[in-house]
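Encoded as structure tokens, the structure appears first; notes follow it.
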Amino acid sequence: MSTTLTTYQAPALDKVRILVVGDVMLDRYWFGDVGRISPEAPVPIVRIEKREARLGGAANVARNAAALGAHAGLLGVVGADEAGAEVEHLLHGGGIHSYLKRDEAISTIIKLRVIGRQQQMLRIDFEEAPSDSVLRNKLMQYKTLLPDYDVIVLSDYAKGSLVNVADMIASARAEGKVVMVDPKGDDFARYAGATVLTPNKSEFKRIVGSWSSEEQLTTKAQNLRQELRLDALLLTRSEEGMTLYTENDNFHIPADAREVFDVSGAGDTVIATMAAMLGAGAGWQEAVQTANRAGGIVVGKLGTATVTREELFG
């Protein structure tokens with residue numbers, strides 16, 4: 001009598017081509033030591049010892065996709081400045097294909113975090129909306145890039161890069177692409193027709209209002225999914241895990257219990273992982289389970305971080 005052992009075959013993520021479009025940012029971290037309180041005001045003095053720059057916003061989604069081995073491209077807008085050049089440099093180093101537009105009229109979006117003793121002390125944001133002419137050029141290029149990619153991820157941070165999002169969704173769906181949207185704002189109508197939306201609990205509550213039971217939540221989620229003509233809606237619920245709503249099913253997965261160190265960028269990891277899995281042919285449940293596992297890993301890291309294929313599949 002012989003026993004056949006079957007081994008898990010990790011999905012071919014290196015075959016997947018993902019185009020990320022949205023608000024591109026540069027995350028800067030200044031690390032230092034806190035030894036005393038300022039004599040000028042009751043605030044700590046942080047003596048900076050190390051500086052680090054990472055890709056943020058839509059660029060962090062692309063970075064996460066590339067870290068999993070997928071072929072990632074990024075279309076967005078940065079300023080014609082030193083920070084924009086640093087974003088380009090980081091994209092190149094991460095193996096991400098850059099389609100960045102340089103806008104002379106704005107500065108690159110920067111989120112500067114000051115970290116003292118592994119604790120975030122302060123965040124300073126620098127941001128301006130892109131100009132109309134640059135956005136028109138970006139939309140034209142987006143349509144020419146569509147045939148080269150399997151999955152489109154629209155990463156909306158409400159910074160002005162996705163004013164044409166309805167047109168982008170319609171164009172991609174007309175070509176049979178999977179379109180995933182990480183939404184923002186008070187009106188999700190502009191995302192109608194996408195394949196899947198991935199709001200977090202607070203974003204979802206802003207659209208549909210509060211709920212008092214799981215049944216009521218399901219009704220609200222399914223009503224929104226139908227109203228927006230989505231194949232699926234993935235609600236990320238932080239410590240409560242994630243729930244996927246499709247036409248035929250509701251699938252809940254508890255949070256992957258780990259020590260939470262930093263939640264910044266976790267949503268980027270979740271949507272990038274799900275995009276890679278769907279692009280590789282995984283079903284909804286497998287894609288969500290893998291994305292949940294990836295989110296559980298990344299919250300144990302400091303700042304906007306990534307998960308590797310090895311961490312995810314062992």
Side-chain angles (χ1 to χ4, degrees), residues 18-25 57-58 60-61 75-76 127 129-130 135 138-139 142 146 151-174 177-238 240-252 263 265-275 278 284 287-288 291-292 295:
I18 300 171
L19 178 64
V20 182
V21 188
D23 296 303
V24 175
M25 307 175 196
N60 188 46
V61 179
L75 177 60
E127 58 185 63
L135 289 174
K138 182 181 137 203
L139 181 60
Y142 167 80
L146 281 178
V151 182
I152 311 300
V153 177
L154 302 175
S155 180
D156 196 349
Y157 277 79
K159 307 300 183 188
S161 289
L162 285 178
V163 294
N164 301 312
V165 68
D167 196 352
M168 290 179 172
I169 292 170
S171 300
R173 292 291 269 168
K177 308 297 180 182
V178 173
V179 182
M180 308 186 65
V181 183
D182 189 358
K184 280 289 183 296
D186 299 323
D187 180 15
F188 282 7
R190 62 186 181 275
Y191 306 126
T195 307
V196 59
L197 253 61
T198 64
N200 62 34
K201 198 161 59 170
S202 63
E203 291 163 348
F204 183 70
K205 190 174 288 186
R206 194 177 301 136
I207 300 299
V208 303
S210 299
W211 53 89
S212 56
S213 66
E214 200 65 27
E215 291 75 20
Q216 192 178 31
L217 170 59
T218 296
T219 299
K220 286 176 178 281
Q222 288 289 18
N223 286 345
L224 182 65
R225 186 192 62 76
Q226 292 169 16
E227 180 187 331
L228 297 180
R229 307 187 310 280
L230 309 172
D231 291 4
L233 187 146
L234 176 68
L235 179 62
T236 58
R237 305 169 65 177
S238 50
E240 297 172 1
M242 302 178 184
T243 308
L244 180 78
Y245 303 92
T246 63
E247 184 178 1
N248 300 315
D249 197 17
N250 305 327
F251 173 67
H252 181 75
V263 297
D268 298 336
T269 301
V270 166
I271 198 168
T273 305
M274 202 167 162
L278 291 174
W284 285 115
V288 171
N292 184 62

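- Arg225 and Thr246 form no side-chain donor-acceptor contact under 3.5 Å, judged by distance and modelled atom types alone.
- The closest side-chain heavy-atom distance from Thr195 to Lys177 is not below 4.5 Å.
- For the residue pair Val20 and Ser155, the shortest heavy atom distance occurs at CG1-CB, 4.5 Å.
- Asp268 places a side-chain heavy atom less than 4.5 Å from the side chain of Tyr157.
- For the pair Asp156 and Asp23, the minimum side-chain heavy-atom distance is below 4.5 Å.
- Taking CG of Leu197 as the reference point, atom CG of Leu230 lies at 5.5 Å (rounded to 0.5 Å).
- When every heavy atom of His252 is checked against every heavy atom of Met242, the shortest pair comes out as ND1-O, 3.1 Å.
- Partner of Met274 under the side-chain contact (heavy atoms from CB on, under 4.5 Å) criterion, chosen from Val153, Val178, Leu244: Leu244.
- When all heavy atoms of Lys220 and Val208 are compared, the pair lying nearest together is NZ-O, 2.9 Å.
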- side chain to side chain contact (heavy atoms under 4.5 Å, CB included) assessment of Leu217 paired with Tyr245: CA-CA 11 Å; Leu217 170 59; Tyr245 303 92; 3.5 Å; yes
- Please walk me through it: do Trp284 and Leu278 pass side chain to side chain contact (heavy atoms under 4.5 Å, CB included)? CA-CA 7 Å; Trp284 285 115; Leu278 291 174; 3.7 Å; yes
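- Nearest heavy-atom pair, Ala172 versus Ile152, reported as atom, atom and distance to 0.1 Å: CB-CG1, 4.1 Å.
- Between the side chain of Asn223 and the main chain of Thr219, a donor-acceptor pair closer than 3.5 Å is present.
- Here the side chains of Ser161 and Lys138 are in contact, with some heavy-atom distance below 4.5 Å.
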- Could you walk me through whether Val163 and Leu135 pass side chain to side chain contact (heavy atoms under 4.5 Å, CB included), step by step? CA-CA 8 Å; Val163 294; Leu135 289 174; 3.6 Å; yes
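- The heavy-atom pair separating Ile169 from Val179 by the smallest distance is CG1-CG1, 4.1 Å.
- Counting heavy atoms from C-beta on, the side chains of Arg190 and Leu162 never come closer than 4.5 Å.
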- Evaluate the criterion side chain to side chain contact (heavy atoms under 4.5 Å, CB included) for residue pair Leu146 and Ser171; output intermediate values, then yes/no. CA-CA 8 Å; Leu146 281 178; Ser171 300; 3.8 Å; yes
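- Looking only at atom types and distance, the side chain of Tyr142 has no donor-acceptor partner in the side chain of Asn164 under 3.5 Å away.
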Please set out all donor-acceptor pairs under 3.5 angstrom arising from side-chain atoms of residues 180-188, sequence neighbours excluded.
from	atom 1	to	atom 2	distance (Å)
Lys184	NZ	Glu203	OE2	2.8
Asp187	OD1	Ala189	N	2.9

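- A pairwise comparison of heavy atoms in Val196 and Leu234 identifies CG2-N, 4.1 Å as the closest pair.
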